[in-house]
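Atom set for the values below is all heavy atoms of this structure, side chains included, hydrogens, waters and symmetry mates excluded.
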Amino acid sequence: MDRQAEPFAPRRERGLDSFKRSMRRNMRRGKGKSVLGAVLRGVLVAASITVLGVAAFALILNWWDASDRAITAINQVVKFVSILAGVTSAMSAGQNGGALRGACVGLLYMALGIVCYALMMGRSPQLTAYLADLGMGVAAGGLFGMILSARKSA
């Protein structure tokens, strides 16, 4: 049948093949840096910084008799430094959406820490007991993300 004879020719719907082609094209152009991949990379960087920081702190505690308050404070500093490193690796300076991306990194990092702690202690994690930690992760990650997105890229 001739296309000119048809009074109305329906448009071809964009399907999965078109989506795959555009994703491949964007990846080749460098636009396709996945936000989810960046957030997961940030969480992994934060978790590895935490493992290194806790290991170093455990070695220091062999020679230093620290109080419980000092240990708690140093653990909080290790968490903040880890979240900052994770958010920094999840985004570049001047990038849009920094607060949301940072908050996601902070939330997932803290959730991963809570789950790992619960598994090591042999208990199921109780969300109400850890809401303060989750809130701290979201707030710190969002704040670090806002600061990084406000910086101009060099």
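Between A90 and V105, the shortest heavy-atom distance links the atoms CB-CG2, 3.9 Å. Nearest heavy-atom pair across F144 and F80 is CE1-O, 3.6 Å.
In the hydrophobic clustering of this structure, M136 does not group with V77; members are Ile, Leu, Val, Met, Phe, Trp, Tyr whose side-chain heavy atoms approach within less than 4.5 Å, directly or through other members. Under the 4.5 Å side-chain heavy-atom criterion for ILVMFWY residues, no single connected hydrophobic cluster contains both L148 and V81. In the hydrophobic clustering of ILVMFWY residues, with side-chain heavy atoms under 4.5 Å counting as a link, V138 and Y117 come out together. Both L112 and V39 sit in one connected hydrophobic cluster of ILVMFWY residues. Membership requires side-chain heavy atoms under 4.5 Å apart, directly or through other members. Note on Y130: it clusters hydrophobically with L107, by side-chain heavy-atom contacts below 4.5 Å among ILVMFWY residues.
From M121, atom CE reaches atom CG of L119 across 11.0 Å, with rounding to the nearest 0.5 Å. Note that CG of L108 is 10.0 Å distant from CG of L134, once rounded to the nearest 0.5 Å. Atoms CG and CE, on L131 and M110 in that order, are 11.5 Å from each other to the nearest 0.5 Å.
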Which atom pairs, donor and acceptor, lie under 3.5 Å between side-chain atoms of residues 44-70 and protein residues at least two apart or in another chain?
| from | atom 1 | to | atom 2 | distance (Å) |
| --- | --- | --- | --- | --- |
| S48 | OG | L44 | O | 3.2 |
| S48 | OG | V45 | O | 2.8 |
| T50 | OG1 | A46 | O | 2.9 |
| T50 | OG1 | S82 | OG | 2.8 |
| T50 | OG1 | Y109 | OH | 2.5 |
| S67 | OG | A70 | N | 3.3 |

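Side-chain N or O atoms of R101 include none that pairs as donor or acceptor with a backbone N or O of G145 at under 3.5 Å.
Applying the under-4.5 Å side-chain rule to Ile, Leu, Val, Met, Phe, Trp and Tyr, the cluster around M146 extends to L143, I147.
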